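All values derive from a computational prediction rather than experimental measurement.
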Amino acid sequence: MRGKMPGQHNKIINAAAKKILAPEGLFRVGASRRWIDDNGYFVIQVEFQPSAYDRGSYLNVGISFLWEASKGLNDTLAFNIGYRVDKAGYASYRGNDAAYEEKMEHFAEAALEKVREYRLFRDMGYAKEQMESQLNDMPGHRVFWEVYELAMLCFLKRDFEEGKEYFGRFLQILKDSFYVGKLYIEWHEELYDHCIKHLCPELKSEETAYKMVCEMIARRRDFFASKPSYKKLKKEFTL
């Protein structure tokens with residue numbers, strides 16, 4: 001009997017994703033195990049995450065907002081909302097192709113269910129409600145990017161005064177976290193300075209704040225669309 005190819009489980013994962021996710025408009029990022037659903041001001045990532053110790057997969061699905069954040073994060077897609085799909089668990093490949101095909105199709109179906117749930121964030125009113133609810137449920141000491149995300153969403157939604165309130169709150173969080181005990185966090189101060197110098201001057205009006213966030217999104221979309229692995233991501237976006 002012929003031995004199993006080392007990448008056989010990857011082929012099975014891709015086949016399942018292609019069968020179930022591609023017809024829904026998602027595209028594969030190059031030859032990776034990640035798929036993208038484009039929703040204008042955000043994308044939804046589906047990741048069949050490998051294990052460092054085994055041939056198999058976890059399942060991660062979540063929203064990555066496309067406005068800019070810190071310099072080190074702008075070149076990557078984060079999981080700003082969502083991540084591990086717990087009910088999927090972990091699926092190890094043990095050489096039984098048929099069993100693994102069935103399991104990966106279940107993974108892809110679970111992913112699609114989450115994608116459809118996160119697509120509701122296209123409605124910025126719905127997105128704001130969900131994000132505010134999440135923020136209100138978080139312990140105060142854990143709050144960080146959530147406030148910034150809400151500020152950017154409010155500016156994009158033209159809820160200008162609320163956006164300024166959230167942004168001011170984020171600036172205070174940054175300013176209060178230059179040091180954790182005696183540990184200096186340099187990038188917090190660098191981000192604070194960037195916000196003061198480059199973002200605050202754009203918050204003169206509802207229109208200038210809206211334009212600022214649109215330009216952020218356009219820059220990141222241009223960046224990713226220029227990469228061969230993201231060639232299916234359109235440069236233009238609609239709200």
Side-chain angles (χ1 to χ4, degrees), residues 2-66 76-124 126-127 130-131 134 149 217 220-221 223-239:
R2 293 175 61 187
K4 300 294 181 183
M5 295 176 60
Q8 181 66 5
H9 67 300
N10 288 325
K11 292 179 181 179
I12 292 171
I13 291 168
N14 180 52
K18 186 175 182 181
K19 176 181 177 180
I20 293 165
L21 301 180
E24 285 282 325
L26 283 80
F27 68 86
R28 187 184 181 191
V29 179
S32 73
R33 288 162 57 161
R34 290 191 301 126
W35 290 71
I36 297 294
D37 188 57
D38 187 3
N39 293 275
Y41 76 96
F42 68 95
V43 298
I44 302 169
Q45 290 193 90
V46 174
E47 179 185 36
F48 296 87
Q49 182 189 1
S51 166
Y53 309 103
D54 184 36
R55 289 185 297 171
S57 182
Y58 298 97
L59 178 63
N60 305 323
V61 185
I63 289 173
S64 183
F65 295 115
L66 293 179
T76 62
L77 291 176
F79 286 90
N80 301 123
I81 293 177
Y83 183 53
R84 181 64 49 79
V85 180
D86 291 329
K87 73 175 184 179
Y90 176 76
S92 180
Y93 175 68
R94 299 302 185 194
N96 185 328
D97 286 4
Y100 206 64
E101 286 168 7
E102 182 178 1
K103 184 65 176 177
M104 286 303 99
E105 288 192 7
H106 288 161
F107 266 43
E109 291 285 2
L112 183 55
E113 182 180 337
K114 295 299 290 185
V115 167
R116 288 171 174 162
E117 176 186 329
Y118 289 136
R119 280 175 176 170
L120 296 175
F121 277 69
R122 293 173 180 173
D123 179 337
M124 288 188 282
Y126 173 86
Q130 295 299 309
M131 292 162 70
Q134 174 184 313
E149 311 290 359
I217 296 167
R220 289 196 75 206
R221 292 185 69 90
F223 170 79
F224 285 109
S226 70
K227 296 179 174 294
S229 56
Y230 287 90
K231 62 185 179 182
K232 292 185 179 179
L233 184 72
K234 296 177 181 178
K235 289 187 177 183
E236 300 78 17
F237 70 99
T238 56
L239 298 174

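- Using a cut-off of 4.0 Å between Lys/Arg side-chain N and Asp/Glu carboxylate O, Lys87 and Glu113 are scored as salt-bridged.
- Within the 4.5 Å cutoff, side-chain heavy atoms of Asn39 are placed close to those of Ile44.
- When side chains are defined from C-beta on, Ile217 counts as touching Arg221, because their heavy atoms get closer than 4.5 Å.
- Here Glu47 does not pair with Arg33 in a salt bridge; the nearest charged N to carboxylate O distance is not below 4.0 Å.
- The residues Lys114 and Glu109 are annotated as not salt-bridged, no charged nitrogen and carboxylate oxygen being separated by less than 4.0 angstrom.
- Side-chain contact between Tyr90 and Asp54 is present, with at least one heavy-atom pair separated by less than 4.5 Å.
- The aromatic rings of Tyr41 and Phe65 lie parallel to each other, their planes meeting at an angle below 30°, with 60° marking the opposite boundary.
- Counting heavy atoms from C-beta on, the side chains of Arg55 and Gln8 never come closer than 4.5 Å.
- Relative orientation of the Phe121 and Phe42 rings is perpendicular, given thresholds of 30° and 60° on the angle between their planes.
- Between Lys18 and Arg28 the shortest side-chain heavy-atom distance does not fall below 4.5 Å.
- Taking the charged nitrogens against the carboxylate oxygens, Asp38 and Lys232 have no contact shorter than 4.0 Å, which rules out a salt bridge.
- Using a 4.0 Å cut-off between a side-chain N of Lys or Arg and a carboxylate O of Asp or Glu, Asp37 and Arg119 qualify as a salt bridge.
- Using a 4.5 Å heavy-atom threshold, the side chains of Val46 and Leu59 count as touching.
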